[in-house]
Amino acid sequence: MNRSCVNCLKSMVVTLNFLCWLCGAFVVGLGEFQMIHSNFASLMPTFWPIYPANTLVITGTIVTCVCYLGVLGGMKENRCMLISFFVLLFILMLVELAMACVFLFYSRELGFFENDMMRSLEIYRQSSPESNTTLKDDLDAVQNLLKCCGVHGVADWKGDVPISCCSDDPCNTLLQTNWQEGCLVKLRDWYSSNYRSTGAGVATMFITQFICLSITIPLFCHFSRHGLGYQ
């Protein structure tokens, strides 16, 4: 392999890994945005460990670190960095592929929602004003955002209807008019959309990283044959 081919491969490795690094940074920002503006995790304790926002932040952080190693390895022609990048990226790709499959699967299998939401609603009803404030804030946010009330409908509140169910603006607390539609279907659709978009994003990142990995192999082999890359 002549020097011009090596330089071309090196440029491609650096460019693609820099794009992956930017993609990882964007994913972290997106995850943080979701955490701030749509943090409904307390309502879904059954499936909280792979809540989309948490997964985006963790995955994006790891991707930025690994891709930064690839950028340095390509620029410095360092074989040690390249092999470390290759191993870490390969492991990360396997994890991302599994995550994408899980999110795409659970975008259709969301049967746990009803039990979790009913449990959250009962906790809300039976809690004192000072307790379970996070869960109450999340459920109020869901009802305000999605314009719904209760799980299946306003009757789920059994007369103790919170102000977040009010359909008027401003709300007349003496003659409160409430949303009649339940939140179960709307929140399930919202989560399903998030799972699909997260799964598709992770799958796209997987494809980009696979291209990076494929280009890194011949570059590493060239350095190995010529005894380069450790200086």
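- Here OG of S84 is found 6.0 Å from CG of L69. Values are rounded to the nearest 0.5 Å.
- Under the 4.5 Å side-chain heavy-atom criterion for Ile, Leu, Val, Met, Phe, Trp and Tyr, L22 and F85 are members of the same hydrophobic cluster.
- Look at R119 and E122 and you find no salt bridge, because none of the NZ, NE, NH1 or NH2 atoms lies under 4.0 Å from a carboxylate O.
- No donor-acceptor pair closer than 3.5 Å links the side chain of D160 to the backbone N or O of R125.
- When the salt bridge (charged side-chain N to carboxylate O under 4.0 Å, His left out) test is applied to K186, the partners found at least two apart in sequence or on another chain are E181.
- To the nearest 0.5 Å, atom NZ of residue K136 and atom CG of residue L121 are 12.0 Å apart.
- Partners of S128 under the side chain to side chain donor-acceptor pair (under 3.5 Å) rule, at least two apart in sequence or in another chain, are S131.
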Would you please test V154 and W179 for side-chain contact (heavy atoms from CB on, under 4.5 Å) and show each step? CA-CA 7 Å; V154 66; W179 305 108; over 6 Å; no
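- Between atom SG of residue C148 and atom CD of residue Q180 there is a gap of 12.0 Å, rounded to the nearest 0.5 Å.
- The stretch residues 124-169 participates, sequence neighbours left out, in these ring-ring contact (aromatic ring centres under 6.0 Å, His included) pairs: Y124-W157.
- Residues L92 and W21 fall within the same hydrophobic cluster, defined by Ile, Leu, Val, Met, Phe, Trp and Tyr side chains chained together at heavy-atom separations under 4.5 Å.
- One distance of note links CG of L139 with CE of M117; it measures 6.5 Å at 0.5 Å rounding.
- Between the Q143 side chain and the G150 main chain, a donor and an acceptor come within less than 3.5 Å of each other.
- Annotation for L135 and S120: closest pair CD2-O, 3.4 Å, computed over non-hydrogen atoms.
- Here CG of N178 is found 9.0 Å from OG of S164. Values are rounded to the nearest 0.5 Å.
- Neither V185 nor M118 shares a network with the other; the hydrophobic side chains, linked directly or stepwise wherever heavy atoms of I, L, V, M, F, W or Y lie under 4.5 Å apart, form separate groups for each.
- Between the T64 side chain and the A25 main chain, no donor and acceptor come within less than 3.5 Å of each other.
- When the SG-SG distance for C149 and C183 is compared with the 2.5 Å cut-off, it comes out at or above that value.
- One hydrophobic cluster, built from ILVMFWY side chains closer than 4.5 Å, cannot hold both V28 and V95; they sit in different ones.
- A distance of 9.5 Å separates CG in N144 from CD1 in I163, rounded to the nearest 0.5 Å.
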